[in-house]
Amino acid sequence: MKGSVILFNDDNEMTIIENVEEAVYQDIKEQEGSDHCVVTLDDHEVDFGYVSPVYWREGQIHTD
């Protein structure tokens with residue numbers, strides 16, 4: 001199943017990652033609150049730094 005992951009950093013800035021497998025969300029969720037949240041997206045390693053909270057939403061997020 002694919003969906004969107006919503007991440008907040010320590011400055012409350014939001015990052016939305018769309019079209020990701022739920023397993024990637026679980027990997028991010030396990031790293032929530034650590035100094036470096038590192039995951040592989042599209043064959044690239046990405047360090048999001050500190051993230052908390054982390055949310056999952058099935059499908060895509062529509063923004064205007």
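Note that this is a predicted model, so its numbers are computed, not measured. One is the number of the first residue; the rest follow in order along the sequence.
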To the nearest 0.5 Å, what is the distance between OG on S4 and CD on E18?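 It comes to 4.0 Å.
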
Residue pair [X] / [Y], side-chain heavy-atom distance below 4.5 Å:
| X | Y | answer |
| --- | --- | --- |
| I6 | I61 | yes |
| E21 | M1 | no |
| I28 | V5 | yes |

Please enumerate all residues that pass side chain to side chain donor-acceptor pair (under 3.5 Å) together with [X], with sequence neighbours excluded.
| X | result |
| --- | --- |
| E13 | N9 |
| D27 | Q31 |
| K29 | E32 |

Passes side-chain contact (heavy atoms from CB on, under 4.5 Å), E22 versus V24? Steps please. CA-CA 5 Å; E22 189 173 6; V24 173; over 6 Å; no

For the student: nearest non-hydrogen atoms of S52 and G33, plus distance: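 Distance-wise, the nearest heavy atoms are CB-N, 4.2 Å.
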
Distance-minimising heavy-atom pair for C37 and S34: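 In this case the closest contact between C37 and S34 is N-OG, 4.3 Å.
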
Under 4.5 Å between side-chain heavy atoms, hopping through other hydrophobics if needed: is there a path connecting I16 to V39? no

Stepwise, does the side-chain contact (heavy atoms from CB on, under 4.5 Å) test hold for L41 with I17? CA-CA 10 Å; L41 297 172; I17 310 163; 4.1 Å; yes

Not counting sequence neighbours, list each pair that qualifies as a salt bridge (Lys or Arg N to Asp or Glu O under 4.0 Å) and has a residue in residues 38-49.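 Every candidate salt bridge (Lys or Arg N to Asp or Glu O under 4.0 Å) pair involving residues 38-49 fails, so no pair, neighbours aside, qualifies.
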
Listed once per pair and sorted, the ring pair (Phe, Tyr, Trp, His ring centres under 6.0 Å) pairs that draw on residues 8-51, sequence neighbours left out: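 Those involving residues 8-51 are Y25-W56.
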
